[in-house]
Each structure stands twice: as C-alpha cells, then as structure tokens.
A.B. asks: 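I am attaching a structure below and will ask some questions about it afterwards.
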Amino acid sequence: MEPKADWFPHGEREPRAVLQRIVPRIRKVVSAAENPSVNVIARRTRSPFKVLVSTVISARTKEDVTMEASRRLFARAKSARDIASMREREIADCIYPAGFYRSKAKTIRALARMILTDYGGNVPDRMEELLTLPGVGRKTANLVLTAGFGKPGICVDTHVHRISNRLGVVRTANPTETEFALRRILPRRYWIEINGLLVKFGRSVCTPLSPFCSTCTISDVCAQTGVTRMR
Ligand code: SF4
C-alpha cells in the first residue's frame, strides 16, 4: 500500500473531529489487550506513590520485568518513609533486572526522601510540584496525575507522540510539543485514557517500524505521515 499524500491538517477535517472519531474505534480494537504495567499497578494499589515508583522502574524495561520488580520492592517497602530508609543497594537488588537499575535505585531513594522532607510523605498532586522531584519529567508527572490521582493530564510517551504525528492531528518534534498540542485539540474526556489506549494500539497495530495499515480500522482518517513501510 502506498502511503497517502500529506493530508495535514486534514483539509476540512478538524484534528479535534478526527480524534473524536477514532478514540471509540481504538477502544474497541485494544479492548482485549493487556494494560500497561503501571496502569495495572495503579488500579491494584490506588497508591500515587507506587504509581510514581513503578513509572521510574518502567523506563526502558519490559512490562513483565516492571511488574515483578515493583512487586518485589513494594513487598519490602510500602511508603516513601520505608524506601527512604533503605540503602540504594537494597533498592537496586529489589528492582534488578530492570534497565538501569542502579541509577533508578538512586532516583527512587532520592524521590522518597524529598517526598518525605518537602511534602510530608505524600506525593504532591500538582504538576508544578511533581516536576520538582528528582527524575520526574512531564511524562512521569502526567502519568502520576492521571493514573495515580485520576486528575486530568495527557501522558505523552513514544507511542502517543508517534501515532499522533502519523495521524496528522499534530505536527510536532518531541513529546512535550505533542502534549501541548493535544491539550488544545483532544476533548478533555479522553485525556486520562489516551495514553493507555495508544500504548496498546502502538504495540499491536501502529507499531514503530512497519505498522499494520492494511487492516487498521482508522486508516480512513489517518494521514500516515512519515510512514514509509507498512504491512
Ligand atoms: S497503522 Fe497505519 S493507518 Fe493505522 S494509525 Fe498507524 S499509520 Fe495510521
């Protein structure tokens, strides 16, 4: 299949209208797919602190490894106070073999200590405060807000960034630009769920290297921007 011409910005189709049409369809497509590990942990634990820590563990780490590493660490330590009292080495042992486990252990301990000293042991629930924590950027902060607190936010990871640009609803150079573009065009009722939906869609259909465009149920509204190989 030949990639479609550059539709951006969708001619008469407003990006907002495109998003409104595709979200329900993506929901159906991914309904049976496994949820990302951090979302599973959020639902099981209802703990913003555990969401924050498991998000740190999940970077460049497979889902099953994130789940197991988080389970081991949370079996030892249930709160910021518990983790702050652990040695880096002990945290590293718990989260091994997560990618970069030594530097993540350092970050997790620093996070816990700052939450204890500056926020009374509770993870803050405002973006500006979350961004003061060590190792926390907008992606992590948004995931803590949405999955941890159920507050509005748009967590833009590599899947959300890639798919939004392929669809042609945004034209952005990095995830931060994508987040701010989506804040303008994505109906607020989809903010919390969009990350989980596009992560699952990006793993199963709109894959990074060679997406499954020939069977994709949203191909009629997709600009396929930048797609050079497809299945
Ligand atoms: S799989 Fe292809 S048609 Fe579907 S969203 Fe991705 S780029 Fe668009």
Side-chain angles (χ1 to χ4, degrees), residues 1-40 42 55 58-64 66 99 137-140 142-143 145-147 152-231:
M1 190 193 296
E2 284 298 306
K4 290 173 191 164
D6 187 7
W7 281 11
F8 190 86
H10 280 285
E12 76 286 0
R13 290 185 223 241
E14 288 289 332
R16 193 178 176 86
V18 170
L19 289 164
Q20 266 168 339
R21 284 181 65 183
I22 64 162
V23 170
R25 290 198 230 166
I26 293 177
R27 264 196 213 122
K28 264 192 200 165
V29 171
V30 302
S31 62
E34 239 172 72
N35 285 315
S37 52
V38 174
N39 295 60
V40 174
T55 302
S58 73
R60 293 169 179 256
T61 298
K62 289 188 175 144
E63 295 285 8
D64 55 337
T66 299
R138 293 197 67 87
K139 184 180 83 168
T140 299
N142 273 302
L143 197 54
L145 286 176
T146 54
I154 302 179
C155 174
V156 176
D157 64 0
T158 176
H159 295 289
V160 178
H161 176 61
R162 179 183 73 253
I163 297 168
S164 300
N165 276 278
R166 283 179 175 174
L167 284 168
V169 294
V170 302
R171 182 178 280 175
T172 52
N174 58 57
T176 301
E177 284 183 22
T178 302
E179 183 201 329
F180 284 103
L182 288 176
R183 280 175 179 265
R184 289 191 293 275
I185 59 173
L186 183 67
R188 215 172 162 84
R189 64 181 180 281
Y190 299 142
W191 284 21
I192 290 180
E193 70 173 323
I194 196 70
N195 176 269
L197 287 181
L198 293 189
V199 167
K200 291 190 277 185
F201 189 68
R203 286 178 182 157
S204 56
V205 180
C206 195
T207 47
L209 290 182
S210 181
F212 293 88
C213 299
S214 62
T215 53
C216 176
T217 58
I218 59 171
S219 61
D220 59 318
V221 288
C222 179
Q224 294 172 312
T225 304
V227 176
T228 52
R229 276 177 49 209
M230 60 186 80
R231 289 178 265 191

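Because the structure is a prediction, the values reported are computed rather than measured. Residues: numbered from 1 along the sequence shown. Order of listing sets the numbers, starting from 1, for every ligand and every atom in it.
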A.B. asks: Identify the protein heavy atom lying closest to atom 2 (Fe) of ligand 1, giving its residue, its atom name and the separation to 0.1 Å.
C.D. replies: C213 SG, 2.3 Å
A.B. asks: What are the atoms of ligand 1, with element, lying closer than 4.0 Å to any heavy atom of S219?
C.D. replies: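 It comes down to these atoms of ligand 1: 3 (S).
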A.B. asks: Within C216, is some N, O or S atom less than 2.8 Å away from atom 4 (Fe) of ligand 1?
C.D. replies: yes
A.B. asks: Quick one: does any side-chain atom of T61 pair with a main-chain N or O of A59 as donor and acceptor, under 3.5 Å?
C.D. replies: yes
A.B. asks: With side chain to side chain contact (heavy atoms under 4.5 Å, CB included) as the test, would you mind laying out the steps for H161 and K139 before giving the verdict?
C.D. replies: CA-CA 11 Å; H161 176 61; K139 184 180 83 168; over 6 Å; no
A.B. asks: Relative to the heavy atoms of P211, which atoms of ligand 1 are at a distance of less than 4.0 Å?
C.D. replies: 1 (S)
A.B. asks: Looking at atom 6 (Fe) of ligand 1, is one of the N, O or S atoms of C206 less than 2.8 Å from it?
C.D. replies: yes
A.B. asks: Answer yes or no: is there a side-chain heavy-atom contact under 4.5 Å between I154 and L186?
C.D. replies: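 Answer yes - side chains close enough.
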A.B. asks: Any idea which atoms of ligand 1 are less than 4.0 Å away from a heavy-atom of V227?
C.D. replies: 7 (S)
A.B. asks: For K200, does the NZ atom sit with more than 12 other heavy atoms under 6.0 Å from it, leaving out its own atoms?
C.D. replies: yes
A.B. asks: So if I count the atoms of ligand 1 from 1 in the order they appear, which ones are less than 4.0 Å from some heavy atom of I218?
C.D. replies: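 The atoms of ligand 1 under 4.0 Å from a heavy atom of I218 are 5 (S).
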A.B. asks: Side chains of R189 and V23: does their closest heavy-atom pair fall under 4.5 Å?
C.D. replies: no
A.B. asks: For ligand 1, which atoms have a heavy atom of C222 less than 4.0 angstrom away?
C.D. replies: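 Those of ligand 1 that fall under 4.0 Å from C222 are 3 (S), 5 (S), 7 (S), 8 (Fe).
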A.B. asks: Among the heavy atoms of Q224, does any lie under 4.0 Å from an atom of ligand 1?
C.D. replies: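 The answer is yes, since Q224 has a heavy atom less than 4.0 Å from ligand 1.
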A.B. asks: Does any non-hydrogen side-chain atom of T225 lie less than 4.5 Å from one of N165?
C.D. replies: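 Of all side-chain heavy-atom pairs linking T225 with N165, none is under 4.5 Å.
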A.B. asks: Is the CD atom of E193 crowded by more than 12 outside heavy atoms at less than 6.0 Å?
C.D. replies: yes
